[in-house]
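Side chains included, hydrogens not; waters and symmetry mates left out as well; all remaining heavy atoms used. Sequence lines set the chain letters: A, B, ... in the order given, protein chains first and strands last, and positions in each chain run from 1.
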Amino acid sequence: MRRFDVKLDWISLVSVLRAYTDVEDLKQGKAVHGSVVKLGLDLEPDMLIALTAMYAKSGEVTVAKFLFNQMEIPDVILWNAMISGYAKNGYADEAVELFRTMISKNIKPDSVSVRSAIVAYAQVGSLELARWMDDFINRSEYKNDVFVNTALIDMYAKCGSVTSARSIFNRMLKKDVVVWSSMIVSYGLHGQGQDAIDLFQEMKLAGVKPNDVTFLGLLIACNHSGLVQEGWEYFSCMRRDYGIEPRHQHYACVVDLLGRGGYLDKAYEFITKMPMEPGITVWGALLSACKIHRRVTLGEYAAGRVFSLDPLNAGHYVQLSNLYASVGMWSHVSKVRVLMKEKGLSKDLGYSLIEINGKLQAFRVGDKSHPRSKEIYQELEELERRMKEAGFVPNTDSALHDLNNEDKEENLCNHSERLAIAFGLISTPPDTTLRIIKNLRACVNCHSAAKFISKLAGREIVVRDANRFHHFKDGLCSCGDYW
DNA sequence: ATAGGGTTAG
C-alpha cells in the first residue's frame, strides 16, 4: 500500500480511490477511506462520489447509501454510481426506486443513468415496467442511443417479450457487435435457437465481426433448443474461423450442451481435455446433466468436484439429492440432507411472482397469506381435478424427502408457481397471458402442470425461471421439455 | 480531458 506521509490533497486521494475501484480492490480502497478519515479531510463532493462509487460497485450498498445520503447537492454522477451499484449487485428494486426518485426530484438522468436503470428493470422482470421504460426512452433524447437501445433489447427479452426486443433491434439504424449479440442472447434465453442461428447469418452478411459473447449467445441458444450438433459446430469454429479463444464460460456451455443432450461420456471426456482448470460451472453442468439422465456414479464424481470448489452452495447438494431421489436411493437422499444440515445449509426458498395489473405479487410454497387465499386453493383443487381427468400424473421424483406418495403430491401442488398461476387465472380476464417470474428453476411437475393448465384454461403462460423462459400454450412448452 | 456505463454458463 502506498504511504500517504507526504502532504496529500484530496484530489490525489480521489484518483487513488478511483484506481482501486477500477481494479475492484475493495481492501485497498477501504484503506484509503481510512486515511481520509484519519487525516480529518473534508468529504469534498468528488471524494464522496469516489467513495460511494467504490462501495456501491463492490456490493457494500448499505455503506454506499449512507455516503450517498451525505451529499446535499444533486450530482448525476453520484446518483449513477448508486443506481448502478444497486443494479449490479442484485438490488434491482432499490435501483428502480432510486431512478424514480431521481426523476421526481427533477435531477435529469443522463444516458448512463438510464442504462443503469434499464439493467435494473431487466432484473425485475415486469413487462409493464419495461414498457414504461421504453416509453420513457422514446420521449427522451436517448431514443437513438446505441448503448441505451442495446440495454432495452436485453430488458425486453428478460421481461418476457422477445418480440418487443426484436422491434427495438429492427428500429436501430446502427448495429454494432453488442447489439447483434444481445439479440442473439435474447433468442437463446427464449429457446428460439433457429432464430438465433438465422440472426447470426444475417450478422455475418451485414459484415459485423462476432466476438466471444456472440458465440456464447449462440451456444446458449443451441443449448436451450437441444441443437447439440449446431452448438458443437459453433464452438469448433470460433477459434478456427474467427480466431476467438473460447473462455471457461464457453467450455461450461458445451459441457451443458453435451450433457443435457445425453452425451455424458463425451461431456466428461471434453472436460478432461480442457486447456484450463475446470471450475464450478463446468462440474455443475455435468452434475445437472447426470441428474437429468440419472447417471449416479458420474454424478457423484461431479458432485465431489463441485463440493470441493463451492462447499457452501446448497443448490449443488440439492442436485445430488435429486439425482438420488430420481433413482429411488432414499438412504443416500437422507445422507445428503444430513450433510447439508451439518454444514448449516438450507435450500433456497422458492418463490414465484406474478404480474397483475402491473403489480408483482409474490407466492411461496404452501402460501396462505394472500387475502384471496381461499379462492386460490379452490381454483387449484378444481385444476387438479380437471388435470387428473385429462391424464396428468404427478411425477414425485422431484420431491426432496422420502415421504409417502400422498404427502409428496400435496407438496407439489402447493408449489409457488401453481399458486401464482391459480391466482392469475382468477384475477385476470380470459385470454390474458399470465406472466410469472421464479427465483429457482422450473420443477418437472410444475412444468408438466403448466402445460396442462395452458390447454385446460386456454391461456398462454410465460414463465421466467432462474435460467430461461418457458412459453406454455395449448398444452406445449416452447422449451420442448428440454431444459 | 472526465467519474457513473449496453450483450456474457447453470
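- Proximity note for V178(A) (side chain, C-beta onward) versus dA3(B), dG4(B), dT7(B): the nearest is dT7(B).
- Side-chain atoms of R166(A) and Y156(A) form no donor-acceptor pair, as typed in the model, at a separation below 3.5 Å.
- The listed nucleotides are dG4(B), dG6(B), dT8(B); the one nearest the side chain of V179(A) is dG6(B).
- Taking both residues in full, the closest heavy atoms of N149(A) and Y142(A) are given as ND2-O, 4.1 Å, listed atom of the first, atom of the second, then distance.
- Between the NZ atom of K88(A) and the P atom of dG4(B) there is a distance of 8 Å, given to the nearest Å.
- Remark: C1' of dT7(B) and CD1 of I168(A) are 15 Å apart, rounded to the nearest angstrom.
- In terms of heavy atoms, G350(A) sits closest to R364(A) at O-NH1, 3.6 Å.
- Considering only side-chain N and O atoms, N223(A) lies under 4.0 angstrom from the phosphate OP1 or OP2 of dG10(B).
- In terms of phosphate contacts, H224(A) brings a side-chain nitrogen or oxygen within less than 4.0 Å of OP1 or OP2 of dG10(B).
- Among the nucleotides dA3(B), dT8(B), dT7(B), the one closest to the side chain of T150(A) is dT7(B).
- When rounded to the nearest whole Å, the span between OH of Y482(A) and C1' of dG10(B) equals 13 Å.
- Residue-level contact check: D154(A) touches the backbone only, with heavy atoms under 4.0 Å from sugar-phosphate atoms and none from bases.
- Counting any heavy atom pair closer than 4.0 Å across all strands shown, V255(A) reaches no nucleic acid atom.
- The CE atom of M102(A) sits 15 Å away from the P atom of dG4(B) (whole-angstrom rounding).
- Residue I220(A) is classed as a sugar-phosphate contact, given heavy-atom separations below 4.0 Å to backbone atoms only.
- With hydrogens and angles ignored, no donor-acceptor pair under 3.5 angstrom links the side chain of N149(A) to the base of dG6(B).
- Side-chain polar atoms of Y91(A) and E97(A) form no donor-acceptor pair below 3.5 angstrom.
- Comparing dT8(B), dT7(B), dG6(B) against the side chain of S182(A) picks out dT7(B) as the nearest.
- At least one side-chain nitrogen or oxygen of K158(A) sits closer than 4.0 Å to the OP1 or OP2 atom of dT8(B).
- As rounded to whole Å, 10 Å separates atom P of dG10(B) from atom CG of L219(A).
- Distance H293(A) NE2 to dG10(B) P: 14 Å, rounded to the nearest Å.
- If you check every strand for non-hydrogen atoms under 4.0 Å, H316(A) touches nothing.
- Nearest to the side-chain atoms of A81(A) among the listed nucleotides dG6(B), dG10(B), dG4(B) stands dG4(B).
- Rounded to whole angstrom, the span from the CE atom of M133(A) across to the P atom of dG6(B) amounts to 13 Å.
- Between I271(A) atom CD1 and dG10(B) atom P there is a gap of 14 Å when expressed in whole angstrom units.
- Of the options F99(A), F147(A), Y121(A), a side chain to side chain contact (heavy atoms under 4.5 Å, CB included) to V114(A) is made by F99(A) and by none of the others.
- In summary, the side chains of T214(A) and N211(A) do present a donor paired with an acceptor at a separation below 3.5 Å, with no hydrogens or angles considered.
- Nearest nucleotide to the side chain of R441(A), out of dT8(B), dG4(B), dG10(B): dG10(B).
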